[in-house]
A.B. asks: 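The structure under discussion is supplied below as structure tokens; questions concerning it will follow.
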Amino acid sequence: MQHPLQLTNSLSRKKEQFIPINPPFVGLYVCGPTVYGEAHLGHARPYVTFDVLYRYLQHAGYKVRYVRNITDVGHLENDADEGEDKIAKKARLEQLEPMEVVELYTQSFHESMRRLNTLPPGIEPRASGHIIEQIEMIKSIINNGHAYESNGSVYFDVINYARENDYGKLSGRVIEELIAGAGNERRELEGQQEKRNPADFALWKKASPEHIMRWPSPWGVGFPGWHIECSAMSKKYLGETFDIHGGGMDLLFPHHESEIAQSKGSCGHAPVRYWVHNNMITINGQKMGKSLGNFITLNQLFNGGHAMLEQAYSPMTIRFFILQAHYRSTLDFSNEGLQAAEKGLARLNAAIALLTRLKSSPDSTVSVGEIREGCYAALNDDLNTAIVISQLFEAVRVINSVHAGTERMSQADIDHLSQTMELFARQVLGLMPEIADAGGEDVDGLMNLIIALRADAKVRKDYALSDKIRDGLTTMGYTLKDEKDGTTWSKA
RNA sequence: GGUCGCGUGGCCGAGUGGCUAGGCAGAGGUCUGCAAAACCUUGUACAGCAGUUCGAAUCUGCUCGCGACCUCCA
């Protein structure tokens with residue numbers, strides 16, 4: 001690693017130097033999706049962001065164990081007794097077995113993540129596969145006096161816990177306000193009578209007779225609460241204390257605050273060294289979210305199938321769009337923004353492709369080392385991918401200038417720049433070239449033949465014919481460019 | 001109401017107490033049969049008011065506007 005990596009730790013709200021607990025090993029846990037619906041643009045942000053972190057840590061030489069869960073049980077519609085499990089509700093509405101819902105959306109999620117070129121996590125545990133671990137953790141919390149059973153459910157005792165722990169530290173909550181029932185606007189939640197205090201949260205919920213997802217436990221038949229699965233699974237695969245926990249800012253409270261409380265309430269110490277949170281994607285200035293109904297799914301973006309979309313956007317355009325902003329800033333969706341990203345990315349890819357056939361000079365008029373250093377510095381500064389991209393565009397300008405003859409580059413610099421682009425654009429940012437349908441092996445030969453025939457026409461100054469050929473190919477999606485040393489073609 | 005954050009040129013979006021972010025769009029020019037692409041030149045922006053300072057868009061205070069969380073949410 002060239003420079004020390006700094007990450008903004010939500011615990012301190014400051015940038016902190018990243019120092020792993022047991023180098024070269026790094027434990028990275030990212031909150032995965034609750035699989036009761038298709039992933040939307042908002043979901044792409046954390047998974048792309050932490051994909052870059054994962055890639056960069058690996059590049060820096062760390063052995064990263066990347067764990068990202070699939071929440072397939074326990075996520076309730078609300079905190080009330082009647083709160084229906086999200087998965088179960090979807091299953092009822094679509095007349096499917098809950099696990100069919102889980103499979104359907106898990107596979108859809110995987111496909112979207114694959115298209116966004118995110119690397120799969122090393123371990124992708126499911127909440128429903130770790131019921132025993134969750135029960136064991138709940139038991140230990142009860143044994144430590146931080147949880148209690150009530151009518152077949154188990155609740156975390158926030159007041160008891162807060163006597164010796166700083167509950168609310170991560171999210172900036174004030175315990176007294178939570179105890180008082182939070183803000184004036186907070187509506188009365190049903191089923192609160194089972195709790196000793198409104199601030200308490202469920203570790204285990206008793207299953208009502210019609211509830212289809214149910215497991216036996218020491219407290220009767222039921223299902224785990226929403227927050228406990230992350231605590232149990234991160235502990236199982238990363239240990240009682242691990243390096244980085246990531247997720248959306250909207251999970252800060254109550255989810256991550258509860259995770260800390262559960263882990264400390266169970267084993268006595270904080271589970272995570274660095275809490276890293278990405279900001280929201282907004283649409284018309286408002287958070288894109290399921291409950292607001294203002295979301296656009298990734299598949300809709302990929303195929304243009306949404307009323308708000310003027311066109312389809314490729315997965316790499318989405319990825320590029322996300323990485324053009326810093327992960328801690330909100331990012332506003334717009335067709336204009338996506339279209340600008342699409343064009344910019346195409347220019348970037350074209351320049352990288354051009355790099356391989358650039359003519360070298362004995363000397364260089366540009367310094368390519370600064371670009372590489374700039375990329376490292378930007379990534380080390382809290383994963384500033386926006387600056388990395390601006391550095392890549394500096395390289396684009398250099399590449400095109402050399403091609404245009406206004407600058408010169410030595411072969412050594414060309415090689416250096418090639419490695420830089422490969423490393424940062426491809427490997428770290430994960431921006432793969434758009435793979436257009438090749439159309440088969442024959443296309444190359446056919447295109448070369450057509451271009452040769454058109455060149456003959458141009459020699460004869462038969463521009464009517466040469467333009468007819470070019471226009472015809474354009475309508476088929478093939479673009480011809482007449483350059484000084486010949487004609488090149490590309491498929492849209 | 002509480003806590004936190006944001007307000008940057010036509011749009012998106014970085015950053016910073018004095019030194020070019022970048023992308024997209026626009027204007028002029030070069031190249032070209034034309035086109036496309038590319039290259040060169042071009043924008044003196046940081047919500048408002050007051051203060052600190054040699055100097056602030058960057059720090060402080062206030063005002064206005066917007067948002068996030070406080071309930072499910074990436």
Side-chain angles (χ1 to χ4, degrees), chain A residues 13 30-34 39-50 75-80 83 86 168 171-174 176-178 180-189 226 246-255 277-282 285-292 295 320-321 324-326 328-345 347-348 350-351 354 374 378 381 384-394 396-397 399-407 458 461-463 466-467 470-471 474 479-484 488 490:
Chain A
R13 296 182 182 82
V30 175
C31 280
T34 300
H40 60 70
L41 180 59
H43 293 109
R45 172 102 103 146
Y47 306 130
V48 168
T49 297
F50 291 107
H75 206 151
L76 301 183
E77 286 291 311
N78 56 53
D79 202 23
K86 285 176 182 290
S171 56
R173 286 305 102 109
V174 181
E176 286 73 20
E177 290 177 2
L178 294 169
N184 303 329
E185 314 275 313
R186 178 170 176 157
R187 66 169 184 263
E188 282 296 312
L189 293 173
W226 173 33
M249 278 186 187
D250 51 351
L251 297 179
L252 222 48
F253 189 90
H255 189 57
H277 290 95
N278 63 276
N279 214 319
M280 301 294 100
I281 285 182
T282 57
Q286 260 204 329
K287 173 184 172 181
M288 181 180 284
K290 281 202 170 123
S291 51
L292 286 167
F295 60 89
F320 184 81
F321 176 68
Q324 259 191 317
H326 187 251
R328 289 186 56 81
S329 299
T330 54
L331 173 60
D332 200 51
F333 161 87
S334 70
N335 281 285
E336 294 73 19
L338 257 349
Q339 284 159 10
E342 181 179 74
K343 288 181 184 176
L345 177 61
R347 203 158 84 86
L348 175 65
L354 181 59
D381 184 12
N384 196 328
T385 54
I387 296 293
V388 175
I389 287 173
S390 79
Q391 291 294 313
L392 296 180
F393 275 104
E394 175 61 20
V396 168
R397 192 191 61 76
I399 293 164
N400 287 330
S401 294
V402 171
H403 185 61
T406 54
E407 304 276 8
K458 285 177 68 178
K461 300 208 186 294
D462 186 355
Y463 297 121
S466 70
D467 288 353
R470 186 172 61 195
D471 293 345
T474 300
T479 305
L480 293 189
K481 280 190 221 168
D482 294 331
E483 300 187 45
K484 278 177 188 157
T488 60
S490 59

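Small disclaimer: the values here were computed from a predicted structure and weren't measured. Chain naming here is simple, since letters A, B, ... match the order of the sequence lines and numbering starts at 1 in each.
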A.B. asks: As a test of reading the structure: which of B/rA74, B/rG13, B/rC39 is closest to the side chain of A/M280, going by heavy atoms?
C.D. replies: B/rA74

A.B. asks: Show your working on side chain to side chain contact (heavy atoms under 4.5 Å, CB included) between A/H326 and A/N279 and close with a plain yes or no.
C.D. replies: CA-CA 9 Å; A/H326 187 251; A/N279 214 319; over 6 Å; no

A.B. asks: Examine the base of B/rG33 for any acceptor or donor lying under 3.5 Å from a partner atom in the side chain of A/D467, and report the outcome as yes or no.
C.D. replies: yes

A.B. asks: Holding to side-chain hydrogen bond (donor to acceptor under 3.5 Å, both in side chains), I want the full list of residues that pass it with A/N335, two or more places apart in sequence or in another chain.
C.D. replies: A/Y313

A.B. asks: Are OP1 or OP2 of B/rG33 and a side-chain N or O of A/S466 less than 4.0 angstrom apart?
C.D. replies: no

A.B. asks: Pick out which of A/D250, A/T330, A/I281 makes a side-chain contact (heavy atoms from CB on, under 4.5 Å) with A/K287.
C.D. replies: A/D250

A.B. asks: Taking the side chain as everything from C-beta on, heavy atoms only, tell me whether A/L345 gets closer than 4.5 Å to A/F321.
C.D. replies: no

A.B. asks: Under the rule for side-chain hydrogen bond (donor to acceptor under 3.5 Å, both in side chains), what residues qualify as partners of A/H277, not counting sequence neighbours?
C.D. replies: A/S10, A/H256

A.B. asks: Nucleotide by nucleotide, 5' to 3', does protein get under 4.0 Å of the base (B), only the sugar-phosphate (S), or neither (-) in nucleotides 14-27 of chain B, counting heavy atoms?
C.D. replies: SS-----BSSSS--

A.B. asks: A/L348 has an atom CG; how far is it from atom P of B/rA38, in whole Å?
C.D. replies: 12 Å

A.B. asks: Can you tell me if A/N278 touches the phosphate of B/rA74, counting only side-chain N or O atoms and a distance under 4.0 Å to OP1 or OP2?
C.D. replies: no

A.B. asks: Looking only at side-chain N and O atoms, does A/K287 come under 4.0 Å of OP1 or OP2 in B/rC69?
C.D. replies: yes

A.B. asks: Looking only at heavy atoms, which two atoms of A/N278 and A/P46 are closest? And how far apart?
C.D. replies: OD1-CB, 3.2 Å

A.B. asks: Taking for each residue the nucleotide of RNA chain B with the nearest heavy atom, is it A/L251 or A/S401 whose nucleotide lies nearer the 5' end?
C.D. replies: A/S401

A.B. asks: Give one of base, sugar-phosphate or nothing for A/S291, where a contact means two heavy atoms less than 4.0 Å apart.
C.D. replies: base

A.B. asks: What does the 5'-to-3' dot-bracket notation of RNA chain B look like when only Watson-Crick and G-U wobble pairs under 3.5 Å count, and pairs to other strands show as |?
C.D. replies: (((((((..(((.....[...))).(((((.......)))))....(((((..]....))))))))))))....

A.B. asks: Measure distances between side-chain N and O atoms of A/D482 and base N and O atoms of B/rC34, and say whether any donor-acceptor pair falls under 3.5 Å.
C.D. replies: yes

A.B. asks: From C-beta outward on A/A404, which listed nucleotide comes closest to its side chain: B/rC34, B/rC39, B/rA74?
C.D. replies: B/rC39

A.B. asks: Establish, with yes or no, whether the OP1 or OP2 oxygen of B/rC34 is under 4.0 angstrom from a side-chain nitrogen or oxygen of A/R470.
C.D. replies: no

A.B. asks: I need the minimum non-hydrogen distance between A/A325 and A/L331, along with the two atoms involved.
C.D. replies: CB-CD1, 3.9 Å

A.B. asks: Taking B/rG9 as the reference, what is the distance to B/rA27 when you measure between their C1' atoms (whole Å, please)?
C.D. replies: 15 Å

A.B. asks: Checking A/R173 now: which residues fulfil salt bridge (charged side-chain N to carboxylate O under 4.0 Å, His left out) with it, not counting sequence neighbours?
C.D. replies: none

A.B. asks: Taking all non-hydrogen atoms of both residues into account, name the closest pair between A/Q324 and A/A341 and its distance.
C.D. replies: OE1-CB, 4.0 Å

A.B. asks: Assuming nearest nucleotide by heavy-atom distance, tell me which of A/H255 and A/L480 is located more 5' along RNA chain B.
C.D. replies: A/L480

A.B. asks: Taking only the C1' atom of each, what is the distance from B/rG18 to B/rU58 in whole angstrom?
C.D. replies: 11 Å

A.B. asks: Using a heavy-atom cut-off of 4.0 Å across all strands, would you classify A/G289 as base, sugar-phosphate, or nothing?
C.D. replies: nothing

A.B. asks: Return the set of residues passing side-chain hydrogen bond (donor to acceptor under 3.5 Å, both in side chains) with A/R397 (not counting sequence neighbours), or none when no residue passes.
C.D. replies: A/E394

